[in-house]
Amino acid sequence: MTYALPADSSHSQHKRYRLTILASSVALALVAASTVTADDQTSQPVKLPAIEMIGDSERLKNIPGSGAIIEEQVLKETQPLSTQDALRRIPGINVVETDGSGFYPRIGVRGLNPDMSKKVLILEDGAPIQLGPFTDPAAYYSPPIERMERIEILKGASSLRYGPSTVGGSINYITRNPEGGRLVLKGGSFGTGSILAEYGTVGETALGSISLLHKRSDGFRDMKYEITDVVIKAGMALSDNQFASLKFTHYDQVSSHTYLGLTEAEYRRDPDLNRAKNDRMYLKRSSLDLNHEWDISEDMTLKTLAYWSNPSRNWWREDFKFCGDENGCTDGYGNRVQYGDNYMENKVGGRLREWTVYGIESRLIASYDAFGIRNEAEVGVRAHFETMNNQRINNPNSATARSGIIRDEDKRKADAYALFAQNRFIINDRFSVTPGLRIENYRQKRTIYRWRNNDVNVSSSDSNTEIVPGIGAVFALNPDIEVFAGVHRGFAPPRVQDAIDSKGESINLKAERSTNYEIGVRGQIDRTRFEATAFRYDFSNQLVQASEAGGATSGQLTNAGETLNQGLELGIGQTFENGFYAEANYTWVPTAKLDSTRIINGVDRKGNRLPYAPKHLANLRVGYDTGRWQTNIQGLHVSKQYSDFENTEAGSPDGRRGALPSYTVWNLNASYDLTQNVTVFGTVRNLFDKTYISSRAPRGIFPGMSRYFEAGVEARF
């Protein structure tokens, strides 16, 4: 049984495919924009309807829990390389690098494992962007930061309005609505270069815009990449009180990214080494979002979002082995490899996955008087469907082959229905209480056609209903300072491949559940902004790798019982006269531990620290802003972490186990407005070229990116 990629998988065909998408996208944008003429333009432009978690900073005051907004101005000042890089400045968030450029976000919140961001819901304009939120929520796709206007983050009870996988909270990327033209050119280290071109036109009743991004690089650790990203938006007023919008995106990535890290010996000798130079990731994602907003009355609005996406992730990875022979080894090319190194076998395995994800969600938002007080309610329903086709292809004859024998093949499906509601009881001008409830029913099914080179035809399904309650409160000490507190249930569904094993049998794997508590204070006194939050995540059921906890097939997850995370977040910002400012935050997680009996390798590990849960995280940014000239320096500190539940200290020879020492890195940013419409800018990441271990997963040591320079120019017209 063989598999061959379609003709467009070759490099030349792949480029032709990208050009076809670009041409089609430009044509569609011109059609949308043609309905808006210069004569239609007005000082009160129509706004595209979209789903927002928070909105503006004023609405953040009413959120009964910890939340944050990374504004457009901050993105401009810090010049992040990726959405993941931008999130580093938020208290409680631990970001783990494996490729240096943030293509595969590993985001951990308050000591939760950042493994492919599986415990955080990630949205873009309110629509889910994880490739398969229920079939496989691993974040193998992250939208480019270049097209973002701002980022919203919720970590408290208010995240119940969204789902699934909100154990660590929710992140919503808000895309820019271009008005006029914008051209951004960048160049940087490792042969990196990019061009961003945007144009948008706005009228009294309609608007249209297009954004094109092309970026390429030889890559840190010689992991080359090339991406093309297209965003098309169009919207119109259907009447005085109804608005509709459309957003189409297409993302195309070809890269040399790899699962293979470094051994201890390789890291000491050359931390920039990449042995898996034949590995290739082909990632495509097209999506379409349709938004409708109906202002039924002054106090009632109905928002509806219909979304569709079609991602594919074809990852070809060369087989490798660790050389444990003191006399050395011979690789698949006849070359000698020394003891302690990895070596390549000149064989390839393709992990080919394609998803179809679609759904519709409606939210009714209303203000009303009842019980003698003012109330604000939000009630919604969502129907969500996804299908994932999965193949494992092996070719034992060549590392560069892109076809071979089908080893495994299966289809995974998930249907999910959600009902959610919350009501904010405004007791008086200073005090409000917001209870909420989310009911999530989902059914997962897996059909296995081939497994371990044998044809089979087995199928099984599993279903769960999760009731996720929460309540929060806000008390205003004065107009500028509020105290908030909340408790809510966190939940994340297991992947289909974990809930239904390779034999097509349900293993009764329950959803990951936690009870999350937080209490805090936030506000502003004169020029000083501050927030302090204490938190506790009490898991009744944590999911861990079966190879470490036992009870299921190796490589799957299993129910593992209780864990506990608790700590404190602090943040402060200060503006001074003459344009100077400073901001800092600190996260302390003294407790992130196994909280029940856990026998691993014959030893009870209860009380051991959870992997990738640093006790200390700190950020400092000091800057100067005159309006025309901006510069700032940013420091990031991450304390020691463990890579396994055994809390192994010494690094294993293959690099996969052992502690990750603490590290501190510094970044420098600057920009200058040459004219009202032209800005030049530059950045230096890892200013002092610190060498450090960012991760030991998935297959060995992944170093943090070495010093990186970037400069560019932006023109607006």
Side-chain angles (χ1 to χ4, degrees), residues 52-57 59-60 63 65-97 102 105-114 117 119-124 139 142-143 145 148-156 158-159 162 166-174 484 516 518 520-523 529-535 537 565 567-574 581-589 612-623 632 634-639 665 667 669:
E52 297 178 333
M53 293 196 312
I54 299 174
D56 57 33
S57 57
R59 292 178 59 189
L60 182 59
I63 297 293
S66 179
I69 304 172
I70 304 177
E71 300 286 3
E72 184 175 19
Q73 180 63 26
V74 175
L75 294 178
K76 180 181 178 181
E77 291 171 353
T78 56
Q79 302 173 36
L81 299 180
S82 63
T83 51
Q84 176 174 280
D85 189 26
L87 290 166
R88 286 180 177 273
R89 65 178 300 274
I90 300 300
I93 291 185
N94 179 32
V95 168
V96 174
E97 300 177 18
R106 288 168 162 82
I107 301 167
V109 178
R110 295 173 170 175
L112 300 179
N113 196 320
S117 308
K119 302 183 192 302
V120 182
L121 176 66
I122 305 178
L123 309 169
E124 181 181 290
S142 185
I145 189 63
M148 298 307 161
E149 178 181 288
R150 66 184 189 279
I151 303 175
E152 302 176 316
I153 302 100
L154 285 180
K155 290 176 281 186
S158 292
S159 61
Y162 308 92
T166 55
V167 173
S170 304
I171 297 170
N172 189 26
Y173 301 128
I174 305 297
F484 59 87
N516 301 346
E518 65 176 4
V521 59
R522 62 181 168 233
R529 307 175 309 279
F530 61 90
E531 178 173 334
T533 307
F535 60 85
Y537 287 3
N565 294 52
L568 181 67
E569 297 170 351
L570 301 172
I572 188 168
Q574 177 73 45
Y581 64 87
E583 62 177 32
N585 65 66
Y586 170 66
T587 305
W588 179 46
V589 189
Y612 295 97
K615 185 176 292 187
H616 307 283
L617 291 170
N619 283 274
L620 171 67
R621 185 163 71 102
V622 178
N632 64 87
Q634 179 183 21
L636 165 72
H637 175 78
V638 180
S639 69
V665 294
N667 303 323
N669 306 288

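The model shown is predicted, which means the values in this text are computed figures rather than measured ones. Scope of the values below: all heavy atoms of this structure, side chains included, with no hydrogens, waters or symmetry mates.
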Trainee: Between CD1 of Ile174 and CD1 of Ile151, what distance do you get to the nearest 0.5 Å?
Mentor: 9.5 Å
Trainee: Taking the side chain as every heavy atom from C-beta outward, state whether Trp588 and His616 have any pair of such atoms under 4.5 Å apart.
Mentor: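 Heavy-atom side-chain distance check passes, below 4.5 Å.
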Trainee: Between Gly168 and Val109, what is the shortest heavy-atom contact and its length?
Mentor: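 Taking every non-hydrogen atom into account, O-CG1, 3.3 Å.
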Trainee: Strictly distance-based, threshold 3.5 Å: is any side-chain N or O of Arg89 a donor or acceptor partner for the main-chain N or O of Ile70?
Mentor: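 Side chain of Arg89 to backbone of Ile70: no pair is present.
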Trainee: Give me the atom names and distance for the closest heavy-atom approach of Pro114 to Gly108.
Mentor: CB-N, 3.3 Å
Trainee: Mark yes or no for whether Gln84, through its side chain, and Arg106, through its backbone, hold a donor-acceptor pair below 3.5 Å.
Mentor: yes
Trainee: What's the separation between atom CD1 in Ile153 and atom CD1 in Ile54, rounded to the nearest 0.5 Å?
Mentor: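 One finds 7.0 Å between CD1 of Ile153 and CD1 of Ile54.
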Trainee: Does Glu518 reach the main-chain N or O of Ser66 with its side chain, forming a donor-acceptor pair under 3.5 Å?
Mentor: yes
Trainee: Search all heavy atoms of Ala613 against all heavy atoms of Gly111 and return the closest pair with its distance.
Mentor: CB-O, 3.4 Å
Trainee: Run the side-chain contact (heavy atoms from CB on, under 4.5 Å) test on Leu570 and Ile572 for me, step by step, so that the C-alpha distance in whole Å, both residues' side-chain angles and the decisive distance to 0.1 Å come before the verdict.
Mentor: CA-CA 7 Å; Leu570 301 172; Ile572 188 168; over 6 Å; no
Trainee: Test your reading of the model: is there a side-chain donor-acceptor pair from Asn516 to the backbone of Val167, 3.5 Å cut-off?
Mentor: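 The answer is yes, because a donor-acceptor pair under 3.5 Å joins these two groups.
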Trainee: Which value, rounded to the nearest 0.5 Å, describes the distance between Asn669 atom CG and Asn632 atom CG?
Mentor: 4.5 Å
Trainee: List the steps and the verdict of side-chain contact (heavy atoms from CB on, under 4.5 Å) for Ile63 and Arg522.
Mentor: CA-CA 11 Å; Ile63 297 293; Arg522 62 181 168 233; 4.1 Å; yes
Trainee: Charged N to carboxylate O under 4.0 angstrom, Glu152 versus Arg59?
Mentor: no
Trainee: List the steps, then state whether side-chain contact (heavy atoms from CB on, under 4.5 Å) holds for Thr533 with Arg110.
Mentor: CA-CA 11 Å; Thr533 307; Arg110 295 173 170 175; 3.7 Å; yes
Trainee: Could you tell me which non-hydrogen atom of Val120 sits nearest to which non-hydrogen atom of Ile107, and how far apart they are?
Mentor: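 Minimum heavy-atom separation between Val120 and Ile107: CG2-O, 3.9 Å.
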Trainee: Minimum heavy-atom separation for Pro80 to Asp85, with atom names?
Mentor: CA-OD2, 3.3 Å
Trainee: Distance-only, no hydrogens or angles: does the Asn565 side chain make a donor-acceptor pair with backbone N or O of Val589 under 3.5 Å?
Mentor: no
Trainee: So how far is it from Leu617 CG to Asn585 CG, rounded to the nearest 0.5 Å?
Mentor: 8.5 Å
Trainee: Applying side-chain contact (heavy atoms from CB on, under 4.5 Å) to Gln634 and Glu77, what does each step give before you reach the verdict?
Mentor: CA-CA 11 Å; Gln634 179 183 21; Glu77 291 171 353; over 6 Å; no
Trainee: Do the side chain of Ser159 and the main chain of Leu154 share a donor and acceptor less than 3.5 angstrom apart?
Mentor: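 Looks like no, no N/O pair under 3.5 Å.
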Trainee: Of the non-hydrogen atoms in Thr83 and Pro143, which two are nearest, and what is the gap between them?
Mentor: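 Heavy atoms only, the tightest pair is CG2-O, 3.4 Å.
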